[in-house]
2 protein chains.
Amino acid sequence: MSVGLGSEAGKNKAHRDRETGTLGKLVSLLDLVALADGPMRFTDILSLSDQPRGTLHRQLSHLVNEGLLEVDRDGRYRIGLRLLALASRSWARNEFRAIAEPHLHRLQEVTGETVHLGVLRGAEVIYLDKVEGQQSVRMYSQVGNASPAYCTGVGKAALSALDDAELAKRIAGLEYRPYTEHTLRNASELLSDISQIRGRGYAFDLEEHENGICCVAAPIRSDDGHMLAGVSVTGPAYRVTHQTLQAWAPLAVVAADSIMMDMRNRMGPKR
Amino acid sequence: MSVGLGSEAGKNKAHRDRETGTLGKLVSLLDLVALADGPMRFTDILSLSDQPRGTLHRQLSHLVNEGLLEVDRDGRYRIGLRLLALASRSWARNEFRAIAEPHLHRLQEVTGETVHLGVLRGAEVIYLDKVEGQQSVRMYSQVGNASPAYCTGVGKAALSALDDAELAKRIAGLEYRPYTEHTLRNASELLSDISQIRGRGYAFDLEEHENGICCVAAPIRSDDGHMLAGVSVTGPAYRVTHQTLQAWAPLAVVAADSIMMDMRNRMGPKR
DNA sequence: CCGGGTAGTTCCGTTATTCGGAACATAATT
DNA sequence: AATTATGTTCCGAATAACGGAACTACCCGG
């Protein structure tokens, strides 16, 4: 019988629907190392994970043996190259990305600004591809990054393609963190923005995620409606006025529609 | 200092001394799915892995729950996006890659051709970055891929920086697969090429790995000598003559040397 | 050179998870 | 409807992970 601290104790596990046993613990470790700002020593990891020393040591050894982590001779751990190889393969062979790619390039050439492709997953956007112009200032790789949907153009565009019930389900319990002073602050602001987006067919992000960064985005939905995504054109606020974004909007919509067309053709009309 | 790609020789995949228990089986599965040409159904995986059905099913479920695999409604498995997120972060923050990047871009601009950065690991080269003409960095196209060192410019350049003993150890038992009619066919051809490379300071790949593809490459070694890498300029044979490569060689060498200098400065003179 | 702290590794009895055969379910095919 | 191919769940047995504690290696100040 439990002692009566149940409500507090059970909290953590309530979050995780399914326990994944050993694997879950190991990928948490991977995450921990990957998200750190730099290489970590054994003790650093020890203090962040709540594992006993012996256990942690064995877990790290296993990860290293599999090439998922690497440890240098100073005993500092970092993500291993094997992960890079796996990820690169999955990226290169991703059908959706491959289909979208030429359209992204075309959009980049016409606008001269950075173009993103992202897919919706829950209430987050994961960026699948990015095409930059010459003049880009930030080489920060965005591919693979996840951002909240409510404060990104791609995310709001994708959300707008959901029906009301599904939308409500996804944004339930969302936390509206104010990244900038323009970030949407609650569900009603988001819903009102989304209804505007549905009306005009494209979404804006006016410095809502990052100060000085604006974008316009158009939604992409797969035929079966199971995958939602978006394509966006992004630029710095000092160079990109609201008028410019307005002018780009139809281009983004055309690109999104072309991608949908190509998907319909390439993935076959079956089903 | 330590660049993070500790390329400790020795343990090849051939000698899997230590079984890594559960994890090992799971990443084998990941590999299996990642290396396949397309999405796989349960039975496909079942026939390729020697696991019983119940076991395999649980393993796949765990991988899916952790986001390492994804399964669509038709029951087809593919690599999950979580891997992309893990790898992209570590790639973006890889110190060595970050330091080399501006030099790669400069080299690309001057030559107009594709530039590669690769690290040596055992007797293989793993590509860490690639800068192409026209467009921006095509991040994952080649990045993460592994190729034999003996038939690539970057690989031979990196090998040339080893001392004889270490070199012999690494290429012992190598299998010389003839990718093209110019591929080096045995250890003595490789050693003779490497002695030439040591003499002039850079390596050529004259259609040795792929027909119609040539490159010139210069070696990079970390101060402590534990990481070996190379930078190369690659172009199609019809456009790139031997003279052109000769002309690029000093540029590649300068780029490689600059990268080494930057490493020395940025990673601190300590140790 | 010593003593004491810190960092990392190994051991081994206990415990929890994985294993895998077999029964159960659910399409697809004839 | 019968049959086959395919995917899912169960549960006792086997095995791998757990984790406290003992051990080693190293660094640093005295």
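Predicted model, so just to flag it, every value in this text is computed and none were measured. A, B, ... follow the sequence lines: proteins, then strands. Residue 1 opens every chain.
A salt bridge between Asp44(A) and Arg76(A) is absent, with no side-chain N of the basic residue lying under 4.0 Å from a carboxylate O of the acidic one.
The side chain of Thr22(B) has dA16(D) as its nearest neighbour among dG19(D), dA16(D), dG20(C). The side chain of Arg58(B) sits closest to dT18(C) out of dT18(C), dG20(D), dG8(C). Comparing dT6(D), dA17(D), dG19(D) against the side chain of Thr43(B) picks out dT6(D) as the nearest. Here dG7(D) is the nucleotide among dG7(D), dG20(C), dA17(D) with the atom lying nearest to any side-chain atom of Arg41(B).
Using a 4.0 Å cut-off, no side-chain N or O of Lys25(B) falls inside it from OP1 or OP2 of dT18(C). Of the side-chain N and O atoms in His57(B), none sit less than 4.0 angstrom from OP1 or OP2 of dG7(D). Contact annotation: Gln51(B) side-chain N/O to dT18(C) OP1/OP2 distance is not under 4.0 Å.
A donor-acceptor contact shorter than 3.5 Å links the side chain of Asp163(A) to the backbone of Ala165(A). Side chain of Arg198(A) to backbone of Ser160(A): a donor-acceptor contact under 3.5 angstrom is found. Between the side chain of Thr20(B) and the backbone N or O of Glu66(A), no donor-acceptor pair lies under 3.5 Å. In terms of modelled atom types and a separation under 3.5 Å, the side chain of Thr55(A) and the main chain of Gln51(A) share no donor-acceptor contact.
Rounded to whole Å, atom C1' of dT6(D) lies 18 Å from atom CZ of Arg73(B). Following rounding to the nearest Å, Gln59(B) (CD) and dT17(C) (P) show an atom-to-atom distance of 16 Å. Straight-line distance from the CG atom of Leu60(B) to the C1' atom of dG7(D): 11 Å, rounded to whole Å. One interatomic measurement links the two molecules: CG of Asp72(A) to C1' of dA7(C), which rounds to 15 Å at whole-angstrom precision. Between Leu26(A) atom CG and dA16(C) atom P there is a gap of 18 Å when expressed in whole angstrom units. Between the CG atom of Asp74(B) and the P atom of dT26(C) there is a distance of 18 Å, given to the nearest Å. For the pair Leu23(A) CG and dA17(D) C1', the interatomic distance rounds to 14 Å; values are reported in whole Å. With rounding to whole Å, Leu56(B) atom CG is found 11 Å from dT8(D) atom P.
Judged by closest nucleotide on DNA chain C, Tyr77(A) is the one of Tyr77(A) and Gly54(B) placed further toward the 5' end.
No donor-acceptor contact under 3.5 Å links the side chain of Arg53(B) to the base of dG20(C).
In this structure, Thr55(B) reaches the bases: a heavy-atom distance under 4.0 Å links it to at least one base atom across the strands shown.
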